[in-house]
Chemist: 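What follows is a single structure, and I will ask about it in a moment.
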Amino acid sequence: MFCDVYSVGMNTLNDTILVTGGAGFIGSNFVLTWMKAEGAAVVNLDLLTYAGNAANLESIASDSRYTFARGDICDAGLIGALLGRHRPRAIVHFAAESHVDRSIVSPEAFVRTNVMGTFTLLEQARSYWAELDEAGRAAFRFLHVSTDEVYGTLALGDPAFSETTPYAPNSPYAASKAGSDHLARAYFHTFGLPVLTTNCSNNYGPFQFPEKLIPLMILNALEGKPLPVYGDGMNVRDWLFVEDHCAAIRKVLEAGSPGETYNVGGNSERANIDVVTTICDLVDQLRPRAGAEPRRKLITYVKDRPGHDRRYAIDASKITRELGWKPAEQFENGLRKTVRWYLDNAEWVNSVRSGVYRDWIAKNYAERVSA
Ligand code: NAD
Ligand code: TYD
C-alpha cells in the first residue's frame, strides 16, 4: 500500500493514479479491480471511441474516488491540466486502438493514437515529473501496457517470447504498439522517466468488445449465426483471463524496476478452432436448444487475415521469479465464466452493438466468403 502524500512541499504527489483507456475492455476491468484492491483514487482519461463504454464503470460512477475525463491522449493541454490538477503518483496507460483487423482496414488511427498519443502522454509526464521534488520523482511511475504481438510470430515448437526476443511486428497494430514501446523505453534511457512496460498475451473476460474472437463467437453461437474461423483455424494464441492481467499490472506498478519490461501470459496456448469448439459446447450446455443441431455446426472457415501471425506464446518466468505473479485462472474455467457473463449481460451487449458495430461486422466479414 502507498501513503496518501509522497513528499511535502510544493511539488507533492497524491495517492491518485491516472488511467488512460479505462473505459475499454482491460482498462475497465483494471479500474474496477483497482478500486476494490487498493482503494486509492482513479482519474480515467478516455476518448470513448467505439471501443470505450462509460457504462462499464457504472458501478463506481458515483464513488468519490473516481473521476472520469472524456478526452484524447493526443491532447497535450488536457493531459498537462489533468496532471497538474490531480498530481497522480502513476500513469497506467491502456488507451489504444487495439483490433488487428481494423488496423488492416484503416491503419492511420493506430499510428495516431498508439504512437502519437503515447508520445504526447510521455512528453506531458516528463514535464510533470521534472517539476517534482526528489521524493516525488523517485516515487512516480509510468506504466505502459503493451502486447506480445510486437515480437511477431512463432512456428510450432519455437521457444515462447521472452523479454529479450527481438521485435518483429507484422500488423499495423503491432507496429504501432512496437513504436510506442520504443518511445517508452527511450524516455527511461534518455530522460530517466520511471517507465515500466508490460507485454501481455491475448486477454479474455467480461466487457470485451464483441469484435474480438471470444466474445464474437459467444454471441454468434448464442444467436445461431455462422462462426467465422480465419484460415485453417490452427493459429495459436496464449490466453489470459483479464483479471490475471490486472493483477500483474498492479504487481509491476508496486514492485517492478523502472526501465524494465515484463512479459505477462496465461501459459494457455490454444488453437483458434479449439477455442471456438469449446465455446460452442459451453453455449450448448448453458443455453440448450431442444432439437437443434450442436453449435459446432455453425463453424464456417473463411478467408484468412492478411499477414496472420501463426502462433504467440509468452514466457512469463521473469515476472513470476522477480515479482511473484502467476495466473490464477485456468483457461476452461475462465472461459466458462466469460460465456456466462455474456449470457447474463444482454443489456450491455445490446448497448455496445450500435450501428457502428454493425457496420464493422458487415465490412469485415462480407469479403471473407466461406473457404
Ligand atoms: P480496447 O480497444 O477495448 O479499449 C481501448 C480504450 O482506449 C477504449 O476505451 C477507447 O475509448 C480508448 N481510446 C482509444 N483511443 C483513445 C484516445 N486517442 N484517447 C483516449 N482514449 C482512447 O482495448 P483493450 O483490449 O482493453 O486493450 C487495452 C490495452 O492493452 C491496449 O494498449 C492494448 O494494446 C493492450 N493489450 C491488449 C490485449 C488484449 O488481448 N485485448 C493484450 C495485450 C495488450
Ligand atoms: P483477435 O481476438 O482479433 O486477437 P489477435 O488477432 O490480437 O490475436 O483474434 C484472435 C485469433 O482469432 C486470431 O488468430 C484471429 C482469429 N479470428 C478468427 O478466426 N475469426 C474472427 O472472426 C476473429 C475476430 C479472429
Side-chain angles (χ1 to χ4, degrees), residues 19-30 44-54 56-57 69-75 78-79 92-104 109-110 112-114 116-118 120-121 144-150 153 170-171 173-174 176-177 180-181 198-205 207-217 220 226-240 242 245 249 263-266 270-273 275-276 299-305 308-312 314 352 360-361 364-365 368:
V19 169
T20 72
F25 162 47
I26 305 173
S28 54
N29 278 284
F30 179 79
N44 175 16
L45 169 62
D46 197 299
L47 187 57
L48 297 182
T49 66
Y50 78 92
N53 186 355
N56 295 0
L57 297 164
R70 185 173 190 182
D72 193 334
I73 57 164
C74 297
D75 183 343
L78 173 63
I79 297 163
V92 184
H93 174 36
F94 293 97
E97 289 291 336
S98 69
H99 189 34
V100 173
D101 291 320
R102 284 184 192 256
S103 84
I104 295 167
F110 287 72
R112 182 184 176 279
T113 290
N114 300 359
M116 282 306 294
T118 302
T120 308
L121 204 57
H144 173 60
V145 179
S146 192
T147 167
D148 60 356
E149 304 195 23
V150 298
T153 186
N170 288 323
S171 70
Y173 164 64
S176 65
K177 289 297 290 186
S180 67
D181 291 11
T198 54
N199 293 91
C200 188
S201 62
N202 286 60
N203 284 215
Y204 68 99
F207 297 117
Q208 187 167 32
F209 193 74
E211 63 186 354
K212 304 276 170 67
L213 179 76
I214 288 181
L216 180 92
M217 294 297 168
N220 281 15
L227 306 176
V229 173
Y230 296 167
D232 63 2
M234 293 307 290
N235 301 68
V236 172
R237 298 292 182 263
D238 171 9
W239 294 97
L240 180 69
V242 63
H245 187 190
I249 291 170
N263 280 1
V264 182
R270 299 286 185 282
N272 291 340
I273 190 64
V275 173
V276 176
I299 292 172
T300 311
Y301 288 92
V302 300
K303 193 171 151 207
D304 210 351
R305 171 188 282 173
H308 194 176
D309 285 338
R310 194 62 173 166
R311 172 177 167 241
Y312 302 142
I314 279 277
V352 302
W360 164 254
I361 295 295
N364 190 44
Y365 296 98
R368 292 180 198 274

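Ligands are counted one by one from 1 in listed order, and the atoms in each one are counted from 1 as well.
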Chemist: Suppose we measure from atom 38 (C) of ligand 1 to each protein heavy atom; which comes out shortest, and what is that distance?
Modeler: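 I find the closest protein heavy atom is Ile26 CD1, 3.6 Å.
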Chemist: Tell me the nearest of Thr20, Ile214, Ile73 to atom 19 (N) of ligand 1, using heavy-atom distances.
Modeler: Ile73
Chemist: Do Val100 and Arg305 have side chains that approach each other closer than 4.5 Å (heavy atoms only, starting at C-beta)?
Modeler: yes
Chemist: Would you say Glu149 and Tyr312 are linked by a side-chain donor-acceptor pair, where the criterion is simply a distance under 3.5 Å?
Modeler: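 A pair is found: one side chain offers a donor N or O, the other an acceptor, under 3.5 Å apart.
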Chemist: Has Tyr173 got any heavy atom lying under 4.0 angstrom from an atom of ligand 1?
Modeler: yes
Chemist: Tell me, which protein residue and heavy-atom name are nearest atom 15 (N) of ligand 1, and how many Å apart are they?
Modeler: Thr113 CG2, 3.5 Å
Chemist: Among all protein heavy atoms in this structure, tell me which lies nearest to atom 32 (O) of ligand 1, with the distance rounded to 0.1 Å.
Modeler: Lys177 NZ, 2.6 Å
Chemist: Under 4.5 Å between any side-chain heavy atoms of Tyr230 and Val302, yes or no?
Modeler: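 SC-SC contact between Tyr230 and Val302 confirmed.
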Chemist: Nearest heavy-atom pair of Ser28 and Asn56: which atoms, and what distance?
Modeler: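 Distance-wise, the nearest heavy atoms are OG-ND2, 3.3 Å.
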Chemist: Give me the nearest non-hydrogen protein atom to atom 4 (O) of ligand 1 as residue plus atom name, then the distance to 0.1 Å.
Modeler: Gly24 CA, 3.4 Å
Chemist: Can you list the atoms of ligand 1 that are under 4.0 Å from a heavy atom of Cys200?
Modeler: 42 (C), 43 (C)
Chemist: Is the closest heavy-atom distance from Ala23 to ligand 1 below 4.0 Å?
Modeler: yes
Chemist: State, yes or no, whether a side-chain contact exists between Ile249 and Phe94 at a heavy-atom distance under 4.5 Å.
Modeler: yes
Chemist: Is any side-chain heavy atom of Pro228 closer than 4.5 Å to one of Leu216?
Modeler: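 Yes - at least one pair of side-chain heavy atoms lies under 4.5 Å apart.
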Chemist: Quick check for students: name every N or O atom pair between ligand 2 and the protein closer than 3.5 Å, with distances.
Modeler:
from     : atom 1 : to     : atom 2 : distance (Å)
ligand 2 : 2 (O)  : Leu213 : N      : 2.9
ligand 2 : 3 (O)  : Arg305 : NH2    : 3.0
ligand 2 : 4 (O)  : Asn202 : ND2    : 3.3
ligand 2 : 6 (O)  : Arg305 : NH1    : 2.5
ligand 2 : 6 (O)  : Arg305 : NH2    : 3.3
ligand 2 : 7 (O)  : Glu149 : OE2    : 2.5
ligand 2 : 8 (O)  : Asn202 : ND2    : 2.9
ligand 2 : 8 (O)  : Arg237 : NE     : 2.7
ligand 2 : 12 (O) : Asn272 : ND2    : 3.4
ligand 2 : 14 (O) : Arg237 : NH2    : 3.2
ligand 2 : 14 (O) : Asn272 : ND2    : 2.9
ligand 2 : 14 (O) : His308 : NE2    : 2.7
ligand 2 : 19 (O) : Tyr230 : N      : 2.9
ligand 2 : 20 (N) : Pro228 : O      : 2.8
ligand 2 : 22 (O) : Pro228 : O      : 3.3
ligand 2 : 22 (O) : Tyr365 : OH     : 2.6

Chemist: Identify, by atom number and element, the atoms of ligand 1 in contact range of Ala51, meaning under 4.0 Å from any of its heavy atoms.
Modeler: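 Within the 4.0 Å cut-off of Ala51, ligand 1 contributes 2 (O), 8 (C).
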Chemist: Just going by heavy-atom distances, which of Gly21, Ala69, Ala96 is nearest to atom 5 (C) of ligand 1?
Modeler: Ala96
Chemist: Do Asn235 and Asp304 have side-chain atoms, one donor and one acceptor, less than 3.5 Å apart?
Modeler: no
Chemist: Under 4.0 Å, heavy atoms only, figure out whether ligand 1 is touched by the backbone of Asn203, its side chain, both or neither.
Modeler: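 It is both backbone and side chain that touch ligand 1.
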Chemist: Looking only at protein heavy atoms, which one is nearest to atom 44 (C) of ligand 1, and what is the separation?
Modeler: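 Scanning the protein heavy atoms, the shortest distance from atom 44 (C) of ligand 1 goes to Ser146 O, 3.1 Å.
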Chemist: Contact between Gly71 and ligand 1, counting heavy atoms under 4.0 Å?
Modeler: yes
Chemist: Using the rule given for side-chain contact (heavy atoms from CB on, under 4.5 Å), can you reason through Ile273 versus Tyr301, listing the C-alpha separation, both sets of side-chain angles and the distance that settles it, and then say yes or no?
Modeler: CA-CA 10 Å; Ile273 190 64; Tyr301 288 92; 3.2 Å; yes
Chemist: Check ligand 1 against Asn202 and write out every atom of the ligand that is under 4.0 Å from a heavy-atom position of the residue.
Modeler: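 Every atom of ligand 1 under 4.0 Å from some heavy atom of Asn202: 40 (O).
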Chemist: At their closest point, which heavy atom of Ser176 faces which heavy atom of Asn114, and how far apart are they?
Modeler: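 Ser176 and Asn114 have their closest heavy atoms at OG-ND2, 3.0 Å.
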Chemist: Would you say that Pro210 contacts Ile361 through its side chain, given a criterion of any heavy-atom pair below 4.5 Å between the two side chains?
Modeler: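 They are not in contact (no side-chain heavy atoms under 4.5 Å apart), so the answer is no.
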Chemist: For Thr120, run the side chain to side chain contact (heavy atoms under 4.5 Å, CB included) check against Ile73, Thr113, Ile79 and tell me which one passes.
Modeler: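 Only one option passes, and that is Ile79.
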Chemist: Backbone, side chain, both or neither: what part of Ser201 comes under 4.0 angstrom of ligand 1, heavy atoms only?
Modeler: backbone
Chemist: Among all protein heavy atoms, pick the one closest to atom 9 (O) of ligand 1 and tell me residue, atom and distance.
Modeler: Asp46 OD2, 2.6 Å
Chemist: Which residue holds the protein heavy atom closest to atom 21 (N) of ligand 1, what is that atom called, and what is the gap in Å?
Modeler: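 Ranked first by proximity to atom 21 (N) of ligand 1 is Leu47 N, 3.1 Å.
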Chemist: Does the distance from a Lys or Arg side-chain N to an Asp or Glu carboxylate O, for Asp148 and Arg237, drop under 4.0 Å?
Modeler: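 No, Asp148 and Arg237 are not salt-bridged.
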Chemist: Taking atom 2 (O) of ligand 1 as the point of reference, which of Ser98, Gly117, Gly205 owns the nearest heavy atom?
Modeler: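 Heavy atom nearest to atom 2 (O) of ligand 1 belongs to Ser98.
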Chemist: Examine the proximity of ligand 1 to His93 and report which part, side chain or backbone, both or neither, has a heavy atom under 4.0 Å away.
Modeler: neither
Chemist: What atoms in ligand 1 come closer than 4.0 Å to a heavy atom of Gly52?
Modeler: 8 (C), 9 (O), 11 (O)
Chemist: What atoms in ligand 1 come closer than 4.0 Å to a heavy atom of Asp72?
Modeler: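 What qualifies from ligand 1 is 17 (C), 18 (N), 19 (N).
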Chemist: Counting heavy atoms only, name the option from Asn56, Val145, Thr49 that's nearest to atom 13 (N) of ligand 1.
Modeler: Thr49
Chemist: Report the part of Leu48 (side chain from C-beta onward, or backbone N, CA, C, O) that has a heavy atom under 4.0 Å from ligand 1; answer both or neither where that applies.
Modeler: backbone
Chemist: Taking the minimum heavy-atom distance to atom 29 (C) of ligand 1, which of Phe94, Phe25, Tyr312 ranks first?
Modeler: Phe94
Chemist: Applying ring pair (Phe, Tyr, Trp, His ring centres under 6.0 Å) between Phe209 and each of Tyr204, Trp360, Tyr50, report the one that passes.
Modeler: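 It is Tyr50, the one option of Tyr204, Trp360, Tyr50 that forms the ring pair (Phe, Tyr, Trp, His ring centres under 6.0 Å) with Phe209.
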Chemist: So do the side chains of Arg311 and Met234 get within less than 4.5 Å of each other, counting heavy atoms only?
Modeler: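 In short, these two side chains do not touch, never coming nearer than 4.5 Å.
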